[in-house]
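Order of the sequence lines fixes the chain letters, A, B, ..., with proteins taken first and strands second; residue numbering starts at 1 for each chain.
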Amino acid sequence: MITVFKHTFLRSRGAILGWGVTMALMGMIFAPFYDTISENAQQFEQLIDIYPQELMAFFGASGTFNFTTPEGFLAVEYFSYMPLVVGVFAILAGSALLAADEERGILDLIAAHPVSRTSLFWGRLLALLLSLVLIMGFGYLGLMLGTTYSAMELDALLLVYPFASLLGLLIFFAGLALFMSMLLPSRGTAAMVAGVVLVASFFLNGLANLNDSLDNLKPLLPTRYYQSQDWVSGFRWDWFAGLAGIGLLLAVLAWWLFLRRDIRVGGEGSWKLPRWRRSPAKA
Amino acid sequence: MDKTTPAILAKGLTKFYGSFQALHGVDLRVERGEIFGFLGPNGAGKTTTIRCLLDLIHRDGGEAVVLGIDPQADPVGVRRLTGYMPGELHLDQSLTAEALLRYFNALRGNSADWSQISSLADRLDLELKQPIRNLSHGNKQKVGVVQALMHKPQLIIMDEPTQGLDPLMQQEVLRLLREAQAAGGTVFFSSHIMSEVESVAQRVGIIRDGRIAEVADPKTLGKRSLNRVRVRFQKPVDSASLAQVKGVTVLSTDNATGVRLQVEGEVDSLIKALAQFPVSDFETERPSLEEAFLAYYDDHTKGSQLPGSKA
């Protein structure tokens, strides 16, 4: 399993650097903007007051929320949309974990070596989880670095919380995409289904802040349990454990499916969605 | 491990892909230390059989034992003793040949000595520092051969190992297979080249429609193979008389001065029959092994069971 883990991790280093550096740069760029906000806090508060409350509520900024505090600023300008940004990586990486090599015909030869499917699966998954942790780490370091040349004062430990919460959400979507890739006939379809869940969850969660009739839906939305704000008051371990736990449970189900299925080389044994066929024209 | 057990033993192996039955009860026995040729047309079940033996796909029925191990019960044990080269070889394009072979060796617990890998690469004239994406089809094939042989496996399973290689390299690969056999290994390989099978294999198994049609000596099978002959005459002749010659079928005629014939078995009778005509040109063409056996089984099994197949 260690060989598979090392190989997969080394193969992912480009993606880790690409996504991690992007997140770090975003933090470094956004943090100094806070100075403008804090220097003109009164004007910004007036400006926000005239914004439609619905718009602010969409991003979870309602009630006691204060945009001019460092946490409030980061919640709206940085953390609120991060699920959509890095969620894409989690979904692509999760769906590709085994299915991409299978579709390229590479998995056949790898699996013909003396490595069990369990080692192959968990070695690759551990490498993916480490990649997610490192990307979060890059984001954290970038934001911390950004605060060193801004007036933003943040507790280094507290800033870990939103990144850890985001990690929980990423584990959930990586697990979902991986499970789908074992269940559906192609990697692309699996990524599409997981992507639809992510986007729908993100927007429905925002809309649920505006519309009380969606309240019943809220507990079912994964993004509901992402702590993009209020992290100063403490880390929601229950939310993190729920997201990461379900993600890992989906991964266990994917492993169970992987043990029982054939490794495909030419689409054999695959299934297709039923295709609508026009009935033959009558003479 | 019991060394007296066959290298490969399959009994009534069946495999379904959904509702399609790919294997209809394959019975196969390959003895230890032999080179066994495995032949059959596309879609006959060659690759499915091989992949069942390595548990890359799970069989639906029957039994399989490889080197004394049930591949479904202990797939890692089977793969540790086996070197496999798939027919459609796909390699990780992002790595160099050396990095890929080091990874494969690590998956085998570094059981192969690097000097053995270098030696194989040298013999096959393979540049290990090259990225896989820059390698030609033939050179990728060489990487496949090296990874299958590098750990000196007890059983070598290769699907079309010489495909895409130039004639010199084809000979080198066959030499490597003979050396592996001389060192006590067993070779199970498929090929489309009759001369290759005749020169290397001790026995040949023919698979057709998911069943083993026959297992025989390659020379015996070779005698049944077909030749295609193109004859050009100096003046128009009546080719109908040629159709009377035993084993000869007239495929086409060309203005009565040219004729294309198919000959089953020896061409001696045809040459004697042609002696009465003024021949200006005579050309033989050997169809592929697959084509030859397909024609043979088409002719001999219409309306009856294939030899060796079960009812």
With a 4.5 angstrom heavy-atom cut-off, could you sort out which part of A:Arg11 is near chain B: side chain, backbone, both or neither? side chain

Check this for me, if you would: do B:Arg51 and A:Asp108 make a salt bridge, where the nitrogen-to-carboxylate-oxygen distance has to be below 4.0 angstrom? yes

Which atoms form the tightest heavy-atom contact between B:Gln147 and A:Leu109, and what is the distance? NE2-CD1, 3.6 Å

Quick check: are there more than 12 heavy atoms from other residues, nucleotides or ligands sitting under 6.0 Å from NZ of B:Lys140? yes

Cut-off 4.5 Å, heavy atoms of chain A, and the answer for B:Ile157 is neither

Heavy-atom closest contact (A:Thr3 atom, B:Ala106 atom, distance): CG2-CB, 3.4 Å

Of the backbone (N, CA, C, O) and the side chain (C-beta and beyond), which part of A:Leu259 lies under 4.5 Å from a heavy atom of chain B, both, or neither? backbone

When rounded to the nearest 0.5 angstrom, what distance separates CG in A:Asp262 from SG in B:Cys52? 7.5 Å

So, A:His113 side chain and B:Arg80 main chain: donor-acceptor pair closer than 3.5 Å or not? no

Residue pair B:Leu95, A:His7: steps toward the side chain to side chain contact (heavy atoms under 4.5 Å, CB included) verdict: CA-CA 11 Å; B:Leu95 299 173; A:His7 179 78; 3.6 Å; yes

Measure from the side-chain N and O atoms of B:Asp92 to the backbone N and O of A:Ile106, and report whether any donor-acceptor pair falls under 3.5 Å. no

B:Gln72 CD: over 12 foreign heavy atoms closer than 6.0 Å: yes

Applying a strict 4.5 Å limit to non-hydrogen atoms, the region of A:Arg261 in contact with chain B is backbone

Contact leader toward chain A among B:Leu56, B:Leu89, B:Thr47, B:Asp55, where contacts are heavy-atom pairs under 4.5 Å: B:Leu56

Show, in sequence, the C-alpha distance, side-chain angles and deciding distance for B:Arg108 and A:Val115, and conclude whether the side chain to side chain contact (heavy atoms under 4.5 Å, CB included) test is met. CA-CA 8 Å; B:Arg108 295 195 170 278; A:Val115 55; over 6 Å; no

Whether over 12 other heavy atoms sit under 6.0 Å from A:Ile2 CD1: no

